[in-house]
Number of protein chains: 2
Amino acid sequence: MATKTEIRRQELRDKLIVIAERTIAQNGLSALRARDLAGEAGCAVGAIYNVFGDLTDLTLAVNARTFHRLGAEVAEALAAAPEDPVEQLVVMAQAYHHFAASNHLSWRALFDVERPAGEAAPDWYLAEMGQLFTYISDPLAVIFPEREAEELALLTRALFSSVHGIVLLGLDEASAGVSTGKIDHMIALVLRQFTASRK
Amino acid sequence: MATKTEIRRQELRDKLIVIAERTIAQNGLSALRARDLAGEAGCAVGAIYNVFGDLTDLTLAVNARTFHRLGAEVAEALAAAPEDPVEQLVVMAQAYHHFAASNHLSWRALFDVERPAGEAAPDWYLAEMGQLFTYISDPLAVIFPEREAEELALLTRALFSSVHGIVLLGLDEASAGVSTGKIDHMIALVLRQFTASRK
DNA sequence: CCTTATCATTGAACTGCGTTCATTAAAGTG
DNA sequence: CACTTTAATGAACGCAGTTCAATGATAAGG
């Protein structure tokens, strides 16, 4: 067994993830450079490639952590939310917005990472995404008890995508000085209006 | 006057835009390379920089045309739509989806182009966007006659963003084989449910 | 504990990109 | 036609990600 080596590799792996996480959070995905990374980690550039296939793999490792933090914040908001299912949707969506706003560059890296066309998303992504969808579909099932499971699934995806779109385009302009309160307002407007007629 | 030169430059400009448009449409923004471009246009690499500041400027020129085509298709769909304002919204949103699906890589280039942080969007972008927003806010004003202008503007942006989000995430998976019909379904679901309660 | 074979680490070199700018060619002018 | 001014050229530059022959460390056997 190669314990010495394995331990060192694991330590380097962790160190690189921490550094990459900070770099992305502070300066964005485009600021992630192999030489800078090696310099900060005190290793050779080649060492990065002993531990990650390429920089995209490293970015995916960072993204997994980011997505996990996102899921945790949404779950936390849901736990503190009132019983009312509409309010739960609003609270979760605004938690999503809050996370995206407070972790803008890390959040963008979730979607800006290069993904080979037509390749399946990683398991951790599907798992976290499934968890988010459950948070949404549960209150939706209460609001729309008559709807079939299949249609509820479609509604769930549609609502998630809608909130995502509002946050995405909203933050684009928020960086140009548009108020963040308007985004929360739009989210609430859409969700409340969407659920105003429960059928 | 430098007519000879100006004509040549204009011709090169047009030729480069056509080539870049085709390259982006067929192989995506990342396939746009200065040397390939010069090779296809039969000019020197440096000539590109006599006519465009950089490749981003060229991309923006292509994007202006793409956005204009998008606006025209939405307008065309709206012209052929029924009187009912809800149906108009659905028809326009599905036209947006159809354009994005049929021009996937060109459509993505609209959003994937590098934009310097905190810099104002180009005029043509704001103009086309304003036009799209008008198409949306007109039927919305009919559906929600009680709402204030400010809130209607917010609703307009929110609905556009929602449809955009549904199309964006939907096409991501559509490239992995998910049906395009589901996207139309989600759009209709959201818009119909959103407008089911007119207050 | 030393020797040696195996494996891991290193960083200079390779490739590919956008962009520049000294050189060369063309255009305008008297 | 000579000459000045202006434009076009493409080799060269800088800066990325990635590789791999050379170097160093580790584990196994005596």
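All values derive from a computational prediction rather than experimental measurement. Quick note: numbers below take in every heavy atom, side chains included, and nothing from hydrogens, waters or symmetry partners. Note on naming: letters A, B, ... go to the chains in the order of the sequence lines (proteins, then strands), and numbering restarts at 1 for each one.
Distance OH (B/Y49) to C1' (C/dT20): 9 Å, rounded to an integer number of Å. In this structure, B/I48 atom CD1 and C/dC17 atom P are separated by 13 Å, rounded to whole Å. Residue A/F52 contributes atom CZ, which lies 13 Å from atom P of D/dT18 at whole-angstrom precision. Whole-Å rounding puts the B/D54 CG to C/dC21 C1' distance at 17 Å. Atom CG in B/L16 sits roughly 12 Å away from atom P in D/dA8 (whole-Å rounding). If you take CD of B/E114 and C1' of C/dG18, they are 12 Å apart, rounded to a whole angstrom. Between A/I7 atom CD1 and D/dT26 atom C1' the separation is 13 Å, expressed in whole Å. In this structure, the CD atom of A/Q10 is 15 Å from the P atom of C/dA8, given to the nearest Å.
In plain terms, the two heavy atoms of B/I187 and B/A93 that are nearest each other are CG2-CB, 3.4 Å.
Here B/L32 lies in heavy-atom contact (under 4.0 Å) with sugar-phosphate atoms only.
For residues 56-80 of chain A, the set of pairs meeting the ring pair (Phe, Tyr, Trp, His ring centres under 6.0 Å) definition, not counting sequence neighbours, comprises A/F67-A/Y125.
A search for side-chain contact (heavy atoms from CB on, under 4.5 Å) contacts involving A/E73 returns A/H98, A/F99, not counting sequence neighbours. In this structure B/F133 satisfies the ring pair (Phe, Tyr, Trp, His ring centres under 6.0 Å) test together with B/F160, sequence neighbours excluded. Remark: A/A75 engages A/Y135 in a side-chain contact (heavy atoms from CB on, under 4.5 Å) (not counting sequence neighbours). Here A/H185 pairs with nothing under the ring pair (Phe, Tyr, Trp, His ring centres under 6.0 Å) rule; sequence neighbours left out.
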Query raised in the report: Could you run down nucleotides 9-16 of chain C 5' to 3' and tag each one B, S or - for protein heavy-atom contact under 4.0 Å?
Result: SBBBB---
